[in-house]
Amino acid sequence: MAVAELIKSIAQTTDLVDTYVPGHRTCAGCGPALGYRLVAKAAGKNTIFVGPTGCMYVANTSYACGPWAVPWTHAQITNGGAVASGIAEAFRMMIAKGKIKDEFPNIIVMAGDGGCSDIGLQAMSAMFYRGHKVLCVMYDNESYANTGIQVSPSTPYGATTMFTPAGPAIPEAKKHHLKDPMPIFCAGGHPYLKYGATASIGYPIDLMNKVRKALAQDGPAFIHLHVPCPKGWSFPADQTIEIAKLAVETGMWNLYEVENGDWANKKFQALPKKLKPVDEYLQTQKRFSHLQPEHVATIQEFVNARAQKLGMEVPLPPAK
Amino acid sequence: MPIKKRGTGLTAVADAWQLADIDVSASYPIRPYTAVMAELAKRIANGTMKCEMVHGEGEHAQFSIAHGASMAGARATTGTSGVGVTYAFETYSPIAGSRCPIQALIGDRTLDPPGDFGSEHTDCLTLRDNGWIYGWAQDAQEALDNSLMYFRIGEDPEIMLPQIVAMDGYFVTHIAQDYEMPDQEQVDKFLPKFNPKFRLDVNNPVIMGPQIEPEMGPPLEWDRHVVMNKVKGKIVEVTEEFGKIFGRKYAPFVEEYMTEDADMVYVLQGAHAVTCRSAIKYLREAGYKIGMCRIRWFRPFPDEALAQILPKFKVAGVVDTGTSYGAPCGGGVLSTEVKAAMSEVPGKPIIQSFTSGLGGETITHEEFFAMAEMMKQTLAAGKIIQSGTWVNFNDYHEGASQINAAKTEAAPSK
């Protein structure tokens, strides 16, 4: 593995070139857009983005007005992993045959939670399994946001979406706890996946360095990126970063990385001294405003159990 | 120097792909197409061919991998059969819409249920509306030749469309035949290197497949419509040039067999043409004035060529080797297409639909004889007596006695 050049401070990032540039039409305070910008900035100019259908496709690719200064291509929501595999092997073979003089590019799939862990799961898993040199960034705004906020496997228990409204018969709204792609992809079942990490736009330097470490691998890498969505989650547009940080502080989101498939020895980042109660996080968003104390307790139990299962050594709030 | 070889339609296409120096091929196993990928794998392992073979986790991925490779600027191929064709369905329109000239080999197979390895054209015909260039090869030689011609046409800068080299499962994919493998110099002269105007190039960034406003869509669809019609001109040009370089002459659109003085013709595509020709020889001896028109391209559909050729005859019996349940006039896709193509042609023949050869069954001489007899009765009556005949199954419906009589009547001439 080549050693990645890591970023030490925000000040240092001003020297980096933006390749995700104005021209998009995302909502004010859009978490995914900020995530895209940071990923693109960390990756640099020798980069090709693959965008399976998702909100970052719908909001970004108005014809003749796209926000990329690097090549970008659409993939179906189902096949980001497969399209990226084809791109990677085409470059490898054309370079080997001397048909092109390009340096092998960074190939980054920016897949939403649906396009990666739901309908696109199969193609992504196959891409990791075959070991193509591609980074998959799953930008997770916890819903199908391109179609107007419908439930996805990433939607937390208790959140309202257009497909999971709260009502007298189903007071908690979404009934299922979320699906976690990190253990699916990074816990050893994909032998060529040498680097996996969770990241958050609330921690931009950490995110950018994870992107660089991921791109320095000789094979595939995966980053699960938490990106709050003001529209989908119903919070004021100027609160995106605060909410991203609060997610980490309450354990609703955990920052860690897994190198060489060593799931047992994951490294945690920004580990709080103790977790704040999840209620502090839930109260910031209208999607949780219908929750009763027992539902909040269910979420707290889930968060505590997950923290313990991951091996985060941090005091947990009581699950009432 | 070209080499004489004995092989199947699948090895013949593997030869074409090797000569075309493909960069990426995406595999997933399903019979009967699979052997083309096994052949590539062997050649790659032996070092005789330099190509990245990506093992997709299904047909949807296969076509997506080829799509990605093509966008990166590689010459990419894939292939499948039967339900594999339909599993990949989501990918066809995006590949054609982003004008990626990948090539797929489809070895026809019946769709489920039930599980049946036999050939039917239904699998490949389901994707007729997606902007792919395709047609059927009747034998291994034509499969190889079509593959080279399809690359040349599909990758033409004015065209840029994906292509399907279709062939009947078993009859073409698996029967060993003699064919000629051209030499590299001939192919290099005929097929330029794939050099797309736009690819995923960090020095010249482009956005591919953007989301657009609804009013911007129809112009792009119009482009695809226009270019598909432009393909016809290229087919004529390329078929002629192919003949000059390789010495094998093909009719650009419709191959005619024993059509001079014929008043009845079979209209069909694919491998059953081989049996059809020999059946015609017996029928001619028995006094039937019958010939054959074999359609070489299904998309774009050769309506102008048919409009010129078919009015020479009084009855045209279209032989469908596929199904389209509830289609007009009881026919299948091919007969529906032929009827549509001929709808406004003055002096058109009576067009009769036959369905035969389903499930990979051979269309026997007796069945061709029976169809000839039914066409003869149509000719005598001046109208179709039975609309939409399933030739093998008339035992089970009211036309049974007619078909059986026809079979025995025509048979002694053999």
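A note on names: the letters A, B, ... follow the listed sequences, proteins ahead of strands, and every chain is numbered from 1. Only heavy atoms go into these numbers, but all of them, side chains included; no hydrogens, no water, no symmetry mates.
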Best-contacting candidate, [options], against chain A by heavy atom pairs under 4.5 angstrom:
options                               : result
B:Gln62, B:His67, B:Glu90, B:Arg75    : B:Glu90
B:Lys193, B:Arg199, B:His55, B:Met216 : B:Arg199
B:Ala69, B:Pro94, B:Ala74             : B:Ala69
B:Ala72, B:Gly209, B:Gly58, B:Ser64   : B:Ser64

Using heavy-atom distances under 4.5 Å, tell me whether [X] contacts chain A through its side chain, its backbone, both, or neither.
X        : answer
B:Ala66  : neither
B:Val206 : backbone
B:Ile95  : neither
B:Asn195 : neither
B:Ser70  : neither

TODO: Considering only NZ, NE, NH1 and NH2 on the basic side and carboxylate oxygens on the acidic side, decide whether A:Arg130 and B:Glu52 come within less than 4.0 Å.
DONE: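 A salt bridge is absent here (no side-chain N lies under 4.0 Å from a carboxylate O).
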Distance (rounded to the nearest 0.5 Å) between [X] [atom1] and [Y] [atom2]:
X        : Y        : atom1 : atom2 : value
B:Asp201 : A:Phe91  : CG    : CZ    : 7.0 Å
B:Leu200 : A:Ile87  : CG    : CD1   : 5.0 Å
B:Glu57  : A:Met124 : CD    : CE    : 10.5 Å
B:Asn203 : A:Lys45  : CG    : NZ    : 9.0 Å

Choice from [options] maximising heavy atom contacts with chain B below 4.5 Å:
options                             : result
A:Asn60, A:Thr19, A:Thr53, A:Val83  : A:Val83
A:Val50, A:Thr78, A:Thr47, A:Ile100 : A:Thr78
A:Met127, A:Glu89, A:Lys97          : A:Lys97

TODO: Identify the residues of residues 147-154 of chain B whose heavy atoms come closer than 4.5 Å to a heavy atom of chain A, ordered by number, or report 'none'.
DONE: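 Result: none.
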Please flag which part of [X] lies under 4.5 Å from any non-hydrogen atom of chain B: side chain, backbone, both or neither.
X        : result
A:Ala88  : neither
A:Val70  : backbone
A:Asp102 : side chain

Open item on the list: Could you check whether any side-chain heavy atom of B:His60 comes within less than 4.5 Å of a side-chain heavy atom of A:Asn79, counting everything from C-beta outward?
Closed with: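 They are in contact (side-chain heavy atoms under 4.5 Å apart), so the answer is yes.
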